[in-house]
Amino acid sequence: MSVVTRFAPSPTGVLHIGGARTALFNWLFARRNNGQFILRIEDTDTNRSTDEAVKAIVSGLEWLNIDWDGNVVSQSSRCERHIEVANTLLSADHAYRCYCSPEELRLMREEARLAGRPIIYDGRWRDRPSSDAPSNVSPTIRLKAPRTGKTVIRDEVQGEVCIDNSELDDMVLLRSNGTPTYMLAAVVDDHDMNISHIIRGDDHLNNAARQIQIYSALGWPVPIYAHIPLIHGVDGARLSKRHGADSVESFRHSGYLPEAVNNYLLRLGWAHGDDEIISIQQAINWFDLGSVGRSPARFDISRLMSMNAHYMRIADDERLYEEVLPLLTKNIDHTPPDSVKTLMPQLKERSKTLVELIENMSFLLSKRPLDIDEDAQKFLSSDSLSMLERLHSKLDSIPTWSPTSVESALREFAVTEELKLGSIAQPLRAAVTGRKISPGIFEVLAALGKTETLERLSDVATTATKNGN
RNA sequence: GACCCCAUCGUCUAGUGGCCUAGGACAUCAGCCUUUCACGCUGAAAACACGGGUUCGAGUCCCGUUGGGGUCGCCA
């Protein structure tokens with residue numbers, strides 16, 4: 001059997017991480033099995049669907065490098081076919097017209113709730129003759145679902161789940177305005193598109209039972225289901241798509257790398273022994289539904305963060321530069337100096353996100369004189385300042401400026417001053433970066449260049465004089 | 001409320017009846033390395049929700065309890 005999976009989001013909001021993981025699993029499973037992966041937008045609810053949401057979903061998926069086969073399918077474009085199938089069901093006596101008003105249904109539910117019965121439609125129009133139909137009401141079309149027996153869902157991750165048919169009601173297939181509901185549309189599309197495996201959040205588990213009833217009414221083969229547990233927030237509560245902070249877009253803007261997000265999402269609910277860092281290629285080779293866990297996972301930002309730090313470290317310098325450039329040019333009015341590139345290996349190792357990377361390179365971008373932050377200021381005592389003045393002339397005498405020449409100069413200087421290297425490095429770092437932490441001091445000086453280094457050193461001295469130190 | 005699902009360190013998880021005095025990772029703490037920070041390395045603390053069975057033997061199987069989650073729309 002050829003594998004065809006699909007990601008079928010409703011375009012009512014941003015792509016959140018739960019959806020992204022569902023997409024990832026579907027994509028991985030399809031790629032693993034040399035199958036197809038389809039992106040289908042479930043927009044049968046025209047009131048809530050927006051083009052912006054479609055764009056957000058598409059761009060989120062693209063950013064994650066999750067690609068789909070063929071064009072994006074809009075479910076609403078297949079409306080005719082859905083109606084056709086509903087009519088087939090109607091003429092086969094597997095569906096019927098229901099003339100209940102919304103108010104009547106509300107009352108029905110209310111009564112059921114009070115009586116402690118399942119809150120479902122009681123099927124009152126199921127066997128009524130069409131002569132009873134009120135002439136001024138346009139009916140909905142409901143499925144004539146089996147009333148007895150059980151519907152069993154054979155699920156790749158949940159196992160066998162049995163639902164008593166008495167718990168399920170005659171669901172609406174076509175609304176009174178003639179449009180198809182999700183329940184019908186999803187079944188028809190999954191069938192017509194030859195979807196072999198339906199991998200989705202387990203909030204759809206109950207829907208699976210209902211959809212199986214539609215399949216059997218139609219005599220269609222039921223696809224293989226895999227309902228994966230939802231991702232919860234840190235507090236254990238369900239992640240809401242209303243929360244923008246959980247969106248793929250927000251992680252992108254917070255400076256996370258797509259491969260880190262993918263790796264993190266993959267490990268949420270799926271494991272391959274003790275492996276933690278898993279490349280996308282390994283994931284394709286290894287992914288299986290049997291290793292998907294059944295219990296919901298909580299979203300843990302520090303794990304994502306540490307994975308991101310890992311992918312930052314192994315990322316190509318040039319690529320990181322490209323990623324960071326647009327953000328850099330937004331904040332400064334000059335082109336970034338070459339030092340940004342030359343120092344990238346040291347900078348990226350100290351940055352957990354792209355945002356941190358930018359922060360960590362800020363001292364390279366600032367114009368003189370530098371702002372010295374509070375922590376750095378502590379290293380600039382009057383003793384240190386005079387030491388720095390002597391260091392200025394020492395550094396000035398270096399003929400060829402490089403990490404190694406700077407290092408040997410500093411080490412020599414330490415010997416003549418009878419100081420430990422650290423006692424020189426820290427004030428020096430404070431003076432040339434304005435911070436107490438930075439990449440290695442030799443590399444920093446080398447990247448800054450001789451002129452800039454000496455000028456920054458002089459700045460500190462003059463500022464101190466001005467302040468009367 | 002009814003129905004369904006779930007339950008191992010704080011978090012993500014390994015574990016498919018003996019290999020478990022429960023392993024890994026993140027986070028935490030201590031130390032080493034060291035020009036700072038980070039990386040790296042070493043170590044520490046940290047869990048089978050509870051109660052009953054089944055079995056020679058249970059984290060692993062069964063039942064119950066508790067706790068969490070999901071679903072009950074002319075939304076998807």
Side-chain angles (χ1 to χ4, degrees), chain A residues 8-12 42-45 47-49 75 98 100-102 105-106 109 112-121 139-142 153 155 158-159 161-164 166-169 171-177 179 181-183 185-186 201-207 209-210 227 229-230 232 234 236-238 264 267-277 291 293-307 309 313 346-352 360 375 379 407 410-411 414 420-426 428-430 433 435-442 444:
Chain A
S10 59
T12 54
E42 310 251 278
D43 53 357
T44 49
D45 183 356
N47 292 332
R48 297 201 309 152
S49 301
Q75 190 160 58
C98 166
C100 283
S101 68
L105 292 171
R106 196 189 61 76
R109 286 191 201 101
R113 188 191 311 273
L114 259 33
R117 290 194 311 263
I119 304 165
I120 54 175
Y121 172 68
T140 57
I141 306 295
R142 306 186 93 115
I153 307 159
D155 194 284
Q158 303 290 339
V161 180
C162 292
I163 312 242
D164 211 293
S166 63
E167 298 291 331
L168 271 13
D169 64 1
M171 76 205 87
V172 173
L173 267 16
L174 244 41
R175 303 184 184 102
S176 55
N177 67 6
T179 60
T181 60
Y182 154 80
M183 215 57 88
D202 73 5
D203 51 337
H204 281 286
L205 190 58
N206 279 270
N207 289 340
R210 298 165 154 270
H227 287 92
L230 268 14
H232 291 165
V234 256
R238 183 181 179 174
Y264 175 70
R267 286 288 290 103
L268 233 44
W270 180 84
H272 183 267
D274 284 337
D275 295 306
E276 299 290 347
I277 298 296
S291 301
R294 271 136 313 207
S295 53
R298 293 185 186 209
F299 183 78
D300 178 15
I301 192 74
S302 66
R303 244 175 100 74
L304 206 210
M305 185 78 89
S306 105
M307 273 193 180
R313 261 177 260 131
Q346 285 79 21
L347 255 12
K348 70 180 181 185
E349 196 173 306
R350 274 155 254 258
S351 310
K352 289 183 160 61
N360 289 340
D375 287 330
F379 290 104
E407 175 167 3
L410 284 177
R411 292 202 186 276
K420 285 205 292 190
L421 191 54
S423 324
I424 296 162
Q426 276 310 94
L428 178 56
R429 188 190 318 278
T433 70
R435 310 230 252 145
K436 75 167 178 181
I437 62 173
S438 82
I441 194 68
F442 313 134
V444 166

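Below, chain A is the first sequence line, B the second, and so on; all start at residue 1. Scope of the values below: all heavy atoms of this structure, side chains included, with no hydrogens, waters or symmetry mates.
- Within the nucleic acid shown, A:G422 comes within 4.0 Å of sugar-phosphate atoms alone, with no base atom in reach, counting heavy atoms only.
- Of all the heavy atoms in A:G440 and A:R429, the pair that sits closest is C-NH1, 4.4 Å.
- A:L347 places its CG atom 15 Å from the P atom of B:A38, with the value rounded to the nearest Å.
- Proximity note for A:R48 (side chain, C-beta onward) versus B:C74, B:A76, B:A27: the nearest is B:A76.
- Among the heavy atoms of the strands lying under 4.0 Å from A:C100 is at least one base atom, whether or not backbone atoms are also near.
- Rounded to whole Å, the C1' atom of B:U60 lies 13 Å from the corresponding atom of B:U54.
- Comparing A:D169 and A:M183 along RNA chain B, the residue whose closest nucleotide (by nearest heavy atom) sits nearer the 5' end is A:D169.
- Within 4.0 Å (heavy atoms only), A:L205 reaches sugar-phosphate atoms of the nucleic acid but no base atom.
- One P atom belongs to B:C48, the other to B:G59, and the distance between them is 11 Å to the nearest Å.
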N/O to N/O distances under 3.5 Å, protein versus nucleotides 13-20 of chain B:
{"unit_1": "B:U13", "atom_1": "OP1", "unit_2": "A:G269", "atom_2": "N", "d": "2.5"}

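- For A:R210 and A:D169, the salt-bridge test passes: some basic side-chain N is under 4.0 Å from an acidic carboxylate O.
- Heavy-atom minimum distance, A:N360 versus A:R350: ND2-O, 3.2 Å.
- Nearest to the side-chain atoms of A:Q75 among the listed nucleotides B:A76, B:U71, B:C37 stands B:A76.
- If you check every strand for non-hydrogen atoms under 4.0 Å, A:T44 touches sugar and phosphate atoms only.
- For the 3.5 Å distance criterion, the side chains of A:R48 and A:T12 fail to qualify, holding no donor opposite an acceptor.
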Check the pair A:E276, A:R303 against salt bridge (charged side-chain N to carboxylate O under 4.0 Å, His left out), reporting the backbone distance first and the verdict last. CA-CA 10 Å; A:E276 299 290 347; A:R303 244 175 100 74; 3.0 Å; yes
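- When rounded to the nearest whole Å, the span between CG of A:D203 and C1' of B:C4 equals 13 Å.
- Residue contacts shown for A:E167 are limited to sugar-phosphate atoms, with no base heavy atom under 4.0 Å away.
- Each of A:R411 and A:T140 was matched to the nucleotide of RNA chain B holding its nearest heavy atom; the match closer to the 5' end belongs to A:R411.
- For the C1' atoms, the distance from B:C20 to B:C9 is 15 Å, rounded to whole Å.
- Counting any heavy atom pair closer than 4.0 Å across all strands shown, A:R294 reaches sugar-phosphate atoms only and no base atom.
- Across all non-hydrogen atoms, the minimal contact from A:N177 to A:T179 is OD1-OG1, 2.7 Å.
- If you check every strand for non-hydrogen atoms under 4.0 Å, A:I424 touches nothing.
- For A:L230, whose side chain is taken as the heavy atoms from C-beta onward, the closest listed nucleotide among B:C39, B:G70, B:C26 is B:G70.
- The two residues A:I120 and A:S166 have their closest heavy-atom pair at CD1-O, 3.4 Å.
- Whole-Å rounding puts the A:I120 CD1 to B:G73 C1' distance at 14 Å.
- Using a 4.0 Å heavy-atom criterion, one finds that A:R435 contacts no nucleic acid atom at all.
- Nucleotide B:G10 holds its C1' atom 18 Å from the NE2 atom of A:H232, rounded to whole Å.
- If you check distances only, the side chain of A:S176 does reach the base of B:C74 with a donor-acceptor pair under 3.5 Å.
- One interatomic measurement links the two molecules: CD of A:E42 to C1' of B:A76, which rounds to 7 Å at whole-angstrom precision.
- Spacing of P atoms, B:U13 relative to B:G51, comes out at 26 Å, to the nearest Å.
- The minimum heavy-atom distance between A:W270 and A:H272, with the atom names listed, is CH2-CB, 3.5 Å.
- B:C12 and B:A7: their C1' atoms are spaced 15 Å apart (whole Å).
- Although no hydrogens or angles enter the test, the distance criterion places no donor-acceptor pair under 3.5 Å between the side chain of A:R109 and the main chain of A:I119.
- Judged by atom type and distance alone, A:R350 reaches the base of B:C37 through a side-chain donor-acceptor pair under 3.5 Å.
- The gap from the P atom of B:A44 to that of B:U66 amounts to 40 Å, rounded to the nearest Å.
- Straight-line distance from the CG atom of A:D275 to the P atom of B:C12: 19 Å, rounded to whole Å.
- A:P439 comes within contact range of at least one nucleobase, with a heavy-atom separation under 4.0 Å.
- As rounded to the nearest Å, B:A47 and B:U21 have C1' atoms that lie 15 Å from one another.
- Between A:D43 and A:Q75, the shortest heavy-atom contact is OD1-N, 3.2 Å.
- Checking B:G40 for Watson-Crick or G-U wobble geometry (two distances, each under 3.5 Å) identifies B:C32 as its partner.
- Pair check for B:G57 finds none; no Watson-Crick or G-U wobble contact set falls under 3.5 Å.
- A donor-acceptor contact under 3.5 Å is formed by the side chain of A:N207 with the base of B:A76.
- Counting any heavy atom pair closer than 4.0 Å across all strands shown, A:F442 reaches a base atom.
- Atom CZ of A:F299 and atom P of B:U11 are 15 Å apart (whole Å).
- Evaluation of atom-type donor-acceptor distances gives a pair under 3.5 Å for the side chain of A:R303 against the base of B:A25.
- As rounded to whole Å, 17 Å separates atom P of B:A25 from atom OH of A:Y264.
- A gap of 13 Å separates the P atoms of B:A27 and B:C41, to the nearest Å.
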